[in-house]
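Contents: one structure, followed by commentary.
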Amino acid sequence: MEKESLFSAKNLKLLTDPLGRSNPVTVLVLGVCSALAVTVKLEPAVVMAISVTVVVAVSNAIMSALRSTIPNRIRIIVQLVVVSLLVILVDQVLRAFAYDVSKQLSVFVGLIITNCIVMGRIEAFALGNKPWPSFIDGIGNGLGYGLVLVAVAFVRELLGSGTLWGYRVIPSSFYIANGGVYENNGLIILPPMALILLGIIIWIQRSRSKNTVKS
Amino acid sequence: MKAIRNFFDNIRPGFEKGGRLHFLHSTFEAFESLLFVPKTVTSGGCHVRDAIDLKRTMTVVIMALAPALLFGIWNVGFQRYLSINQEVGFWSIFLYGLEKVLPMLAVSYIVGLGIEFASAQIRGHEVNEGFLVSGILIPMVMPPDVPLWMLALATAFAVIIGKEVFGGTGMNIFNPALLARAFVFFSYPSHISGDAIWIGGLSKGVGVVDGFSGATPLARALAGHLPFSAMEVEKMFWGFIPGSVGETSTAAILLGAALLILTGVGSARIMLSVAAGGYLTGLLFNLIGGSAYMSIPAYQHLIMGGFAFGAVFMATDPVTASQTKSGKWIYGFLIGAMAVVIRVLNPAYPEGMMLAILFMNAFAPLIDHCVVQVNIGRRLKRAKQAVQKV
């Protein structure tokens, strides 16, 4: 068999496809719950995106390596063990090195285990492919998830708090309380608006590329 | 009349296919059919033919809104001069109100119609008439001091997210005007709740009489300053109280309700059942007792705040209400009941009408589904019995 290079065109496609035309959030509509919960501010959104990327990529690689040794009937339980191990590791690392963000994310780090993207990619990809492409696929899907998360969080933090990454972007003299005319939008901080923003992103994507629309 | 007709006929070629202004053809059509009876009529099929079309229906609603709107404009001025303790003539009062309300009307129409016309043009549809009414309703459910850019943003949100994404007029799940209000309510709570914003200019506090409070009857009731005196009840009925622009006068709203019912445009079932729901829930609270608010006479719930306005103009929206006859009774009754429950029991929301209507909007299709299923079941049973007899 011909040896394939690590970054062949096929493997690169695994990395870039989930960013756009097969994005896990906007096209497959997976992992939406956490997209609503952690996107009030940019910083937790980015940390969440990195955590999910790590978990998806590594669990994909491990499951792919184990795929021929696991009996098919108990594969879900094995997947759960692997994923929960990784989630606990990520949680411990966050608590050690980024305690504030870890507190903001609270339960949602632990809930990565229930993020449909993780199980979805293992079932749909890792169980039928070699470890390296599975790893790349995990990175790609994690980044695709992160892209949407960051886009939603950008809008929500900017309009909801007037800041980006905690730094004030809209000058405080603009606010009505200080004699200006502007006011932060309270609705955008509430979960429904995250859902609406996500809907708008999907709307834009589908109107631009017809191949994501079911006939 | 003839001159206008000729004018339209003269400029028509420019808007037809191939004409220079074809890209504005739906705008042309909108204005033409606003002034004249449209040329295209149903030609085949099994449609019910009727002289009235959507535009005329909307015109009737606007006429029905006129008393409440005119009174509202006057009341904005009246409350203002009351708060600074000045006695001025009728026209200065009315003029102050116009100064406040006209910009609100203009903003809501320009933003809303702008989006409607643009989306009709993009889709290649005719312009829908729905916004003719929403454009008036939106300013009427806002406090007079709401910043205009918030109004513009709320209107845009209601029209795009509330209506156009579902496919335009007739497809929306929620009442667009109430959606606009809900947007302001949750986005900028300090501009649509509290005591200072219901009277024009009060929040700036210039020249206001010492100790003057702009609290609405609802806010007073929630704070427990009860009961209302007979004179205050009378004031609430006629509408000499602070509040959103169009909601204060139950009398003016009843005039509009009469027109809507006479012309058959608004559903009397819904109006009656909302009132019944509110009244009976009020009575229920009277029985329970407990707090001063629970024991106010039940009829006072119907004349406070936006109850009457919501019942007559918001709950009856033909698109978002239940479509079946018995569904309308259920839908209306639950709106009235829920509005009073929210008012009395939830300290965070002095007025429950908006939330009650939006909530029931979401349930209207379910109510209709159940009514239809029950009816199908009943008729099947009847048919079965008939077969058995034979």
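Chain letters run A, B, ... following the sequence lines, proteins first, then strands; residues in each count from 1. Atom set for the values below is all heavy atoms of this structure, side chains included, hydrogens, waters and symmetry mates excluded.
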Steps toward side chain to side chain donor-acceptor pair (under 3.5 Å) verdict (A/Asp17, A/Ser22): CA-CA 6 Å; A/Asp17 257 7; A/Ser22 65; 4.6 Å; no
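Only the side chain of B/Val165 comes within contact range of chain A, with at least one heavy atom under 4.5 Å from a heavy atom of that chain. Only the side chain of A/Ile200 comes within contact range of chain B, judged by heavy atoms closer than 4.5 Å. Using a 4.5 Å cut-off between heavy atoms, A/Ile188 makes no contact with chain B at all.
Of the possible donor and acceptor atoms, one in the side chain of A/Asn23 sits under 3.5 Å from a partner among the backbone N and O of A/Gly144.
Residues in residues 147-160 of chain A take part in these side-chain hydrogen bond (donor to acceptor under 3.5 Å, both in side chains) pairs, two or more places apart or across chains: A/Thr39-A/Arg156, A/Glu157-A/Thr163.
Ranked by heavy-atom pairs shorter than 4.5 Å toward chain A, the options B/Pro147, B/Ser190, B/Ser187 are led by B/Ser187.
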Result block: side-chain N/O donor-acceptor pairs under 3.5 angstrom for residues 90-109 of chain A, not counting sequence neighbours:
{"residue": "A/Asp91", "atom": "OD2", "partner": "A/Arg95", "partner atom": "NH2", "Å": "3.4"}

